[in-house]
Amino acid sequence: MRSSTRIALFAAAAIALTQAVNASTASANEVTLRLHQFLPAQAHMPKNVLDVWIENVQRDSEGRIRVDHFPSMQLGGSPAELIDQVTDGVADIIWTVIGYTPGRYPRTEVFELPFLAPNGEVASRAFFEMVDTQMRDQEFADIHVLGAWTHDAGLFHTKDPVKEISDLSGMKIRGASRTVTMLLEEFGATPIGMPVPSVPESLSMGVLDGATLPWGVVGGMRVPELVHNHTEFTGNALFTATFLFAMNKSTYDSLSDDLKEIIDNNSTIEFSAFAGKSQDQAAIIVRDDAKASGNNIITLSQDETEAWREAAFPVYSRWAADMDSRGFDGRALITEA
């Protein structure tokens, strides 16, 4: 009887020890990542792109990876600081507009040049390919790139109608990036740089007369309620902005190989293309809503657009010369893009 009791006790102890080891191993494999970005959680990009990535990673890891999403700069700082935050480990993952740190990644600006990109999906594929093959181990060597994409076609959203280039003369227009600032200067507008979240208040307070933004963003920012004129172009987009989705390098390196594989499998060119395409699709909905609300949508014909294209040509020369001064072949970058 004593022998049986002793055996039972040993068996119970062994089971308890095994459970403790298993629990310890599971605990060691569980990772919580903090994703930080600048838009409200209900905006299109966080809700329909970033949250999709989060759901996929958590599902594929069977809960071993958990991602806590902090929208609207809830971890502090400004949008311009997001890249430093992921580099320094303040956040594990960030999503940001590269143009919020102008000049930091100059080669990426080639995809922001006027009348270059046909739509978000095509431009996003091309942009990710450039970042993945040419920049991952150079400009982005201190972070782990998860995605790189552009938004849908950028356009003007203004208080007064804009059809001719001269209509922009003296207008205070929010510039989406350094290259868009160059473009606005060529068009005779007064460019004002600011992150997207500051645009609605600046429009309502009269700080801005208009903004350069894509349709895919303006719906969640109430822009069509604040200005009622929208100027579109035929053919390639007036501009696009580039986005970076990135992870702290030390955090990525600390993951087990199987968890790295899960992150990598969800961070391919197809995901970046999906992000660009989702912006194209959102643009249709927001545009239709603005039109249904009675807003004035001005779509310039091919001939009318050509006049704007010709006026934008000096931006290419200015940008290429700037790249040359930084040690890059500006014309070659434009041709490749």
Side-chain angles (χ1 to χ4, degrees), residues 33-51 53-54 67-106 108-109 111-112 120 124 127 131 139-140 142-152 154 157 172-181 184 191-205 207-208 211-214 216-223 226 239-248 272 275-276 279 282:
L33 304 174
R34 296 159 301 158
L35 191 161
H36 198 205
Q37 55 87 17
F38 60 93
L39 284 180
Q42 70 273 17
H44 169 74
M45 187 59 69
K47 181 179 179 181
N48 298 311
V49 176
L50 301 182
D51 282 352
W53 186 88
I54 291 171
V67 183
D68 290 340
H69 185 175
F70 295 91
S72 302
M73 301 305 299
Q74 288 179 353
L75 294 180
S78 67
E81 296 174 293
L82 281 166
I83 291 177
D84 283 334
Q85 288 184 356
V86 77
T87 303
D88 298 339
V90 174
D92 298 303
I93 302 172
I94 59 94
W95 171 72
T96 190
V97 177
I98 296 178
Y100 287 170
T101 53
R104 184 164 182 168
Y105 304 109
T108 65
E109 295 174 346
F111 281 93
E112 299 173 348
S124 294
F127 181 50
V131 169
E139 285 95 328
F140 296 115
D142 56 351
I143 56 178
H144 182 76
V145 175
L146 300 173
W149 59 82
T150 77
H151 59 51
D152 53 293
H157 307 271
K172 297 172 291 184
I173 304 292
R174 179 259 179 179
S177 65
R178 196 170 73 101
T179 53
V180 176
T181 293
L184 292 173
I192 298 178
M194 66 176 64
V196 169
S198 302
V199 170
E201 182 178 5
S202 296
L203 287 172
S204 65
M205 297 293 290
V207 175
L208 295 175
T212 52
L213 289 166
V217 168
V218 299
M221 305 305 295
R222 300 189 304 110
V223 171
L226 297 167
F239 75 95
T240 55
T242 56
F243 299 111
L244 177 67
F245 188 42
M247 188 172 183
N248 176 268
S272 287
Q279 294 260 111

Close aromatic pair by centroid cut-off 6.0 Å: F127 and F243: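 Distance test on ring centres: not under 6.0 Å, no.
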Testing the 3.5 Å rule here: is there a donor-acceptor pair between the side chains of S204 and E201?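 Result is no, nothing qualifies.
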Indicate the atoms forming the closest heavy-atom contact of [X] with [Y], along with that distance.
X	Y	result
V196	P200	O-CD, 3.6 Å
M221	P197	CE-CA, 3.6 Å
P46	P40	CG-O, 3.4 Å
N248	A91	CB-O, 4.1 Å
M45	A275	CE-O, 4.4 Å
P102	R178	CB-CD, 4.1 Å

Interatomic distance, [X] atom [atom1] to [Y] atom [atom2] [nearest 0.5 angstrom]:
X	Y	atom1	atom2	answer
I98	R104	CD1	CZ	11.0 Å
I143	I93	CD1	CD1	12.0 Å
L50	Q37	CG	CD	5.5 Å
W149	F245	CH2	CZ	5.5 Å
E81	M73	CD	CE	6.5 Å
L213	I173	CG	CD1	10.5 Å

Is the backbone of [Y] close enough, under 3.5 Å, to the side chain of [X] for a donor and an acceptor to pair up by distance?
X	Y	value
Q85	G76	yes
R174	T212	yes
T150	A241	no
S272	S124	no
H36	Q74	yes

Is any side-chain heavy atom of V131 less than 4.5 Å from a side-chain heavy atom of Y105?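 No; the side chains remain at least 4.5 Å from each other.
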Where do M247 and L33 land on the side chain to side chain contact (heavy atoms under 4.5 Å, CB included) test, with the steps shown first? CA-CA 9 Å; M247 188 172 183; L33 304 174; 3.8 Å; yes
Under-4.0 Å salt bridge between D68 and R34: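 Result for this pair is no, no salt bridge flagged.
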Using ring pair (Phe, Tyr, Trp, His ring centres under 6.0 Å) as the criterion, point out the one residue from Y100, W53, F38, F70 that pairs with W95.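 Of the listed residues Y100, W53, F38, F70, the ring pair (Phe, Tyr, Trp, His ring centres under 6.0 Å) partner of W95 is F38.
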Test side chain to side chain contact (heavy atoms under 4.5 Å, CB included) applied to M194 and V199, step by step: CA-CA 7 Å; M194 66 176 64; V199 170; 4.2 Å; yes
Heavy-atom neighbours of K172 NZ exceed 12 at 6.0 Å: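 Counting other residues, nucleotides and ligands, NZ of K172 exceeds 12 neighbours.
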